[in-house]
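The next block holds one structure in the form of structure tokens; read it before the comments.
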Amino acid sequence: MHLLLVHSLFFSFGLVRAAVTAYGPHVQSPFGTTTAASASYTGSASYDRTVLQPPPPPNPPPPTQFNVDLQTGDVSGVSIQQQGSFFGFSIEFSVTTQVPFTPISSSFLQVPFLNLMANLRQRGGSVRVRVGGNTQETATLVASTPDGAALEKDYAGITNPTATPPLVFTNEIIKMMAEISALTNVYWYMGVPFNDTQHWRLQIAEVGEAMLGNYLIGLQGGNEPDLYSRHGHRPDSYSPQDYTNEFGLLIDAMNADSNIPNKNLLIGPNLAGVWSPTDIWETGFATDYNQNLAALGVERYPTDNCYAQFGIGTPRSGQEMFPTFLTHQAGKSIVAEFPGAPAYAQSVGKPFIMSETNTASCGGFPGLSDSFGAALWGIDYALQLAYSNFSTVLFHVGGQSVYYNPFTPPVRNQSTYQQWTIGPVYYSALVVAEALGSSNIAQVLDLQANDGNDYTPGYAIYENGQPVRVALTNFVTDPDGDSDYTASISIGGTVPAQVQVKYLLAPSVSELYNFTWAGQTFGGPFSSDGRLNGTLDIQTIPCDQTNNVCRVKVPAPGFALVFLTNNALSESDQTSTMTFPTTAYTNLHGGPTITIDPSVLATSNGEKGFANALAGTSKGRQMSNALGFAQALPSLVGVMAGALMIGRLALMR
């Protein structure tokens, strides 16, 4: 076995200059050489500045005046009750020590990540995060590694088209997850490796349940099994029945394992789209294994960019695909791929979840996946899934070599603590969390607004039979303002004295950074510590009591979240967010950390006394000319600038 070990050190030497390599869910590519002193940068997809041309306004244009008549009481067509944590994230297992954690140990957590999760916790009550993907399938939990790393990759063992290396990891990874949960109320999905069904590796379930407790809410059994034969992991004859049979073997193994007390956390079939859910239901999967299932799950991307990455599939460009994302039909088309599936899940008493998704598989498209248009698409897509009775959607987070990340740590220390890049899909998550609120009884209704116009979708959010919020999108880019529209809202023929509105805005759907949500922003690349900056701007709009309408204008492009009551606003964003300021500094180039008292985590399932270990995730083997150790993280210096060290709690309200 050829393991490239990842080392992580505290040091106070001079500046380091090195080329490093990022590993994403679909591709590995070298970072450009850079110096911490100059903070110059080239090469990584996550910071590609490609800007597309926004589609012209449609012809004929959408009507710019229309009514939104909301009903009350027993409203037909509303969704099942949804939780404020509906919109979550799926983090590729191999990049966990880039995103949530630093490469030091469980004593060091990424401050920007904590802040990003705290933002969502404040609005939706909790957050759901999956750690998995292709790399979960070959992951092996071990007691320790030769060099004390928490995560290592066996590049000699690569056997699939997406160049996914097998992983070896220690319980330090799960310990860090538990400590994140204790601080930000994150609930986790993980996965049982499915590459060897004769010798199940159940340690991830054993340690996961022991350390995470109730914060572990699901264990995937197989990741995209309908692609196994294509990737060479099963024979060509591999069928839905074969998968169901193997899932049964997993259940038998878990039932025989006394170290797994909770036997009902499994999630399947987690299909990519080659098989249909019906193919699996017909095997008896959901009924025969019902008592062991926590949920039924699928994975889906609306398209792919695999030709650009691997030379396979259909050539596509972001410019060509851009208009297809800027319509209401985009989200509806994905839902249409699962006819009857949410209803079937309800009939067997299980939630139906979208376990992994984003703009396009194989890393997304430059200029599209990282654009304001993707933020608008993400909002409409997520609300369409909620309306269609999915119970969760998890947007994927890859490495530095993808375009669609909701958030990305830096490739190199920029000598300031504000170093993360926040992508458009994170804005989508923030908006959807506020739209659904923290009551966990929100029901979503697609209004078919503006006579069902594809460019101006709208949703109503109900609680206890009463409309509390309205979500309005304008997909059109029109700098002249001719495509701005006004929605005249009424509620059962009456209106409140006023409504309050938050806007998500940017000059164009092709804008890459500096979007604003209610006047606040995470800024541009390398500029965020996970906290919103700027003055909060909530618009108060008086309603027309004579005509019983509240007229809300939505710019082109833009999104408006209309709060129909003061309670609806306070529920979605109750108080100032508890965040983790980066005001203390380590000896590592002035990089900031904050510290918290171990007693804060004393009641967490994560504090089990397991040995600390070092972590890393990337393939890079170029040697630093200052230290002579294997560089494996794009942000070996930069992540230190956002570290959280167990010691003394510093919180900002």
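Side chains included, hydrogens not; waters and symmetry mates left out as well; all remaining heavy atoms used.
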Using distance alone, with no hydrogens and no angle criterion, decide if [X] and [Y] have a side-chain donor and acceptor under 3.5 Å apart.
X	Y	value
N405	H396	no
S361	D304	no
R123	S438	no
Y513	T421	no
D69	S490	yes
S439	E463	yes
D537	Q539	yes
Y459	Q384	yes
S572	R469	yes
Q81	N440	no

Can you label the angle between the [X] ring and the [Y] ring as parallel, tilted or perpendicular, going by 30° and 60°?
X	Y	value
F559	W517	tilted
F66	Y485	tilted
F338	F352	perpendicular

is_close_aromatic([X], [Y]), centroid dist under 6.0 Å:
X	Y	value
F89	F407	yes
F526	Y47	yes
F475	Y455	no
F522	Y426	yes

Judged by atom type as modelled, is there a donor-acceptor pair below 3.5 Å linking the side chain of [X] to the main-chain atoms of [Y]?
X	Y	answer
T357	R300	yes
S428	A375	yes
D370	G367	yes
S126	N185	no
D48	T50	yes
N514	T521	no

Revision key, fill the gap. Heavy-atom nearest pair, V99 first then W420, reads O-CH2, 3.3 Å
Review point. Who passes side-chain hydrogen bond (donor to acceptor under 3.5 Å, both in side chains) against T477, sequence neighbours left out?
Key: none
